[in-house]
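Worksheet: one structure, shown below.
What you see is a predicted model, and the numbers here were worked out from it, not measured in a lab. Sequence lines set the chain letters: A, B, ... in the order given, protein chains first and strands last, and positions in each chain run from 1.
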Number of protein chains: 2
Amino acid sequence: MTSSPEVVQLSEVRASCTQCAWQTLCLPASLDGTNLERLDEVVRKRRPLRRGEVLYREGLRHAALFVVRSGTLKTSTTLADGDTQVLGFHLPGEIVGFDGLVDEPHHSTAEALEDSSVCEVPVARLAEIAAQIPLLQQQVYRIMGREFSREQMHAVMMGRRHAMARLALFLHGLSERRRACNHDPDSLHLSMSRQDVANYLGLVIETVSRLFSRLQSLGVLAVDRRAVRILDHAALAELAQGEEDSRATA
Amino acid sequence: MTSSPEVVQLSEVRASCTQCAWQTLCLPASLDGTNLERLDEVVRKRRPLRRGEVLYREGLRHAALFVVRSGTLKTSTTLADGDTQVLGFHLPGEIVGFDGLVDEPHHSTAEALEDSSVCEVPVARLAEIAAQIPLLQQQVYRIMGREFSREQMHAVMMGRRHAMARLALFLHGLSERRRACNHDPDSLHLSMSRQDVANYLGLVIETVSRLFSRLQSLGVLAVDRRAVRILDHAALAELAQGEEDSRATA
DNA sequence: CGACTAATTGAATGTCATCAAGAGCTGTGG
DNA sequence: CCACAGCTCTTGATGACATTCAATTAGTCG
């Protein structure tokens with residue numbers, strides 16, 4: 001079971017999509033052998049990103065999509081007054097870059113929250129071969145719809161007027177995304193800082209910190225720094241709906 | 001200069017895109033005559049929508065995009081607890097339906113806020129001809145990116161922690177969208193209720209009402225029911241940044 | 001070990017939600 | 001034409017909850 005460096009090279013360069021764990025979530029879904037190879041030719045593997053490294057920056061044109069292979073990305077935008085707003089966190093299998101699809105400069109910046117790796121898909125090349133492979137074209141649309149809905153989920157969270165409901169929805173969403181990847185939906189590793197979570201939810205860091213503490217004392221979560229374990233999904237779901245579960249404080 | 005009923009008919013049925021006021025914002029941008037005709041064949045004109053009429057409903061599959069030709073649409077989604085969250089307001093030239101692109105059922109419901117009219121673009125047919133017209137394919141991507149960025153702007157608004165900043169951003173955004181259509185950016189006709197505005201911004205109706213009153217007394221707006229005139233763009237911009245312009249209250 | 005950052009916790013203020021009442025507009029029918 | 005009902009919107013008083021300011025603890029890196 002020893003794998004020589006050449007084999008690794010080969011699989012990385014040639015058969016990236018074929019061997020990728022996220023095939024079913026990503027562009028290649030439902031493509032057969034021949035078409036998969038054609039997609040492979042378009043997809044450019046990128047060097048791994050170091051924690052803190054920026055993938056693309058707002059204001060720059062870079063018409064490409066990026067598939068997260070491992071790690072976590074954070075997208076954010078800068079406001080007129082210099083404040084930043086975190087727009088999203090992106091896990092393996094998810095795709096970023098839709099805000100700079102063609103010509104348009106990006107409105108957001110994407111940064112690695114931990115050491116990560118991504119595939120780069122130049123939009124122009126993708127469009128070319130998608131024009132010849134209807135199933136791929138469909139998959140592109142499907143993924144766009146998926147990411148669009150994810151954006152809307154952000155608005156739903158921010159629309160909740162109780163801070164607890166926002167955090168509960170956030171945690172529930174993360175849990176669901178882990179389930180989608182066949183990972184344990186109860187154990188979350190938050191690769192983002194409390195500050196990032198707070199900003200993402202439209203709160204301040206102290207509030208988020210207090211909420212984590214409260215969830216822990218309620219027995220809903222076990223919190224150890226950025227490692228979070230969900231102990232009571234039902235209670236979390238209730239809190240997500242704004243039910244102030246006051247009886248549990250007794 | 002009399003136009004017979006037949007001429008109207010003809011222009012409505014055959015030359016919809018050619019004569020549409022929103023050409024430059026919409027799919028046909030940068031298409032020449034021949035290609036424009038091919039697009040015309042795909043686009044289905046729809047009967048006008050009456051105020052309150054639903055264009056599509058969440059949970060249903062309906063793989064089509066809709067271009068707003070006149071009027072205003074509201075998209076919203078229903079939460080687990082039965083509450084609804086308003087996701088967006090859509091003005092002429094803008095496009096809705098991205099959340100139900102392929103196969104997937106819609107996550108949102110689209111409703112006319114006033115008598116409106118839309119063009120329906122079946123995604124499957126659009127994909128077919130876009131595969132043959134690279135410029136159209138590009139334009140599809142461009143528009144998706146645009147609507148994606150609009151979604152993100154919603155998150156930016158909701159992220160502001162002062163109610164005034166949210167409303168100011170909202171009004172500023174509406175103003176900019178009117179400017180983009182060569183309309184007077186100072187006069188807004190809010191076709192949505194205060195309740196809708198409040199929900200969209202994650203506030204309650206009373207707060208929104210108070211804010212409008214305050215903006216009026218500050219001399220920033222002239223508010224007459226749903227007719228709003230922006231008197232002081234600079235002040236509005238300041239308020240959008242969370243600057244509590246307390247000196248103006250003196 | 002010491003300096004730095006990240007996160008937690010406490011106390012006080014302020015903003016927004018809630019509850020409640022009233023004003024203004026719209027449409028209907030007598 | 002006016003009266004009435006129903007709705008949207010406004011305005012006021014109160015209180016809850018999140019922010020702010022401040023200090024402490026925990027964890028990380030040089």
Side-chain angles (χ1 to χ4, degrees), chain A residues 50-52 74 83 86 113-115 157-170 188-218 221-228 239 241-246 249, chain B residues 50-52 74 83 85-86 113-115 157-168 170 188-218 221-228 239 241-246 249:
Chain A
R50 303 302 305 270
R51 178 169 180 276
K74 173 182 82 173
D83 283 12
V86 174
L113 286 176
E114 55 190 322
D115 294 353
M157 266 185 289
M158 302 270 253
R160 306 266 72 180
R161 283 174 320 299
H162 287 286
M164 181 58 93
R166 295 191 206 173
L167 183 63
L169 276 170
F170 173 66
L188 306 178
H189 291 278
L190 307 182
S191 45
M192 68 293 291
S193 67
R194 295 284 192 269
Q195 178 62 61
D196 285 336
V197 174
N199 187 303
Y200 179 67
L201 298 176
L203 304 169
V204 294
I205 185 174
E206 295 96 323
T207 302
V208 170
S209 184
R210 273 184 252 271
L211 291 174
F212 271 117
S213 300
R214 186 136 69 95
L215 285 170
Q216 171 135 277
S217 73
L218 288 173
L221 298 183
V223 182
D224 175 22
R225 197 148 174 76
R226 294 188 180 182
V228 173
L239 291 167
Q241 298 184 9
E243 319 279 330
E244 277 315 306
D245 206 359
S246 47
T249 58
Chain B
R50 302 302 306 268
R51 179 168 179 276
K74 172 183 81 173
D83 282 11
Q85 173 65 50
V86 174
L113 286 175
E114 56 189 320
D115 293 354
M157 266 186 289
M158 302 271 251
R160 306 266 72 181
R161 284 175 321 297
H162 287 285
M164 181 59 93
R166 295 191 205 172
L167 184 61
F170 173 66
L188 307 177
H189 291 278
L190 307 182
S191 44
M192 67 294 289
S193 67
R194 295 285 192 270
Q195 178 61 61
D196 285 335
V197 174
N199 186 303
Y200 179 65
L201 297 176
L203 303 169
V204 295
I205 185 175
E206 296 95 325
T207 302
V208 170
S209 184
R210 271 183 254 271
L211 291 174
F212 271 116
S213 300
R214 187 137 69 95
L215 285 170
Q216 170 136 277
S217 74
L218 288 174
L221 298 182
V223 182
D224 175 22
R225 199 150 172 74
R226 294 188 178 180
V228 173
L239 292 166
Q241 298 184 9
E243 319 279 331
E244 277 314 307
D245 207 359
S246 48
T249 59

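- DNA chain D is contacted by both A:Asp224 and A:Gly202; A:Gly202 maps to the nucleotide lying nearer its 5′ end (nearest heavy atom per residue).
- B:Arg161 comes within contact range of the sugar-phosphate backbone alone, with a heavy-atom separation under 4.0 Å but no base atom that close.
- For the atom pair CD1 (A:Ile205) and CG (A:Asn199), the distance works out to 10.5 Å, reported to the nearest 0.5 Å.
- Between the CZ atom of A:Arg210 and the P atom of C:dA11 there is a distance of 11 Å, given to the nearest Å.
- Within 4.0 Å of A:Ser209, counting heavy atoms only, lies at least one base atom of the nucleic acid.
- At a threshold of 4.0 angstrom between heavy atoms, the contacts of A:Thr207 include nucleobase atoms, whether or not backbone atoms are also involved.
- In this structure, CG of B:Leu211 is placed 13 Å from C1' of D:dT10, rounded to the nearest angstrom.
- As a whole-Å value, the separation of A:Asn199 CG from C:dA6 C1' is 16 Å.
- Here D:dC9 presents its P atom at 6 Å from CZ of B:Arg225, a figure rounded to the nearest Å.
- The base of D:dT11 does not come close enough to the side chain of B:Arg194 for any donor and acceptor atom to sit less than 3.5 Å apart.
- Here the side chains of B:Leu190 and B:Asp196 are not in contact, with every heavy-atom distance at 4.5 Å or above.
- Within the nucleic acid shown, A:Arg166 has no heavy atom closer than 4.0 Å to any nucleic acid atom.
- The environment of CZ in A:Arg50 is sparse: at most 12 heavy-atom neighbours from other residues, nucleotides or ligands sit within 6.0 Å.
- A 4.5 Å side-chain heavy-atom check between A:Lys74 and A:Tyr200 finds every atom pair outside the cut-off.
- Here C:dA23 presents its P atom at 17 Å from CD of B:Glu206, a figure rounded to the nearest Å.
- Comparing C:dA17, D:dT19, C:dC19 against the side chain of A:Leu203 picks out D:dT19 as the nearest.
- If you take CZ of A:Arg226 and C1' of D:dA26, they are 13 Å apart, rounded to a whole angstrom.
- Within the 4.5 Å cutoff, the side chain of A:Val204 has heavy atoms near those of the B:Arg161 side chain.
- B:Leu190 places its CG atom 16 Å from the C1' atom of D:dT10, with the value rounded to the nearest Å.
- Put simply, the side chain of B:Gln195 and the base of D:dC7 share no donor and acceptor less than 3.5 Å apart.
- Atom CG of B:Asp83 and atom P of C:dA17 are 14 Å apart (whole Å).
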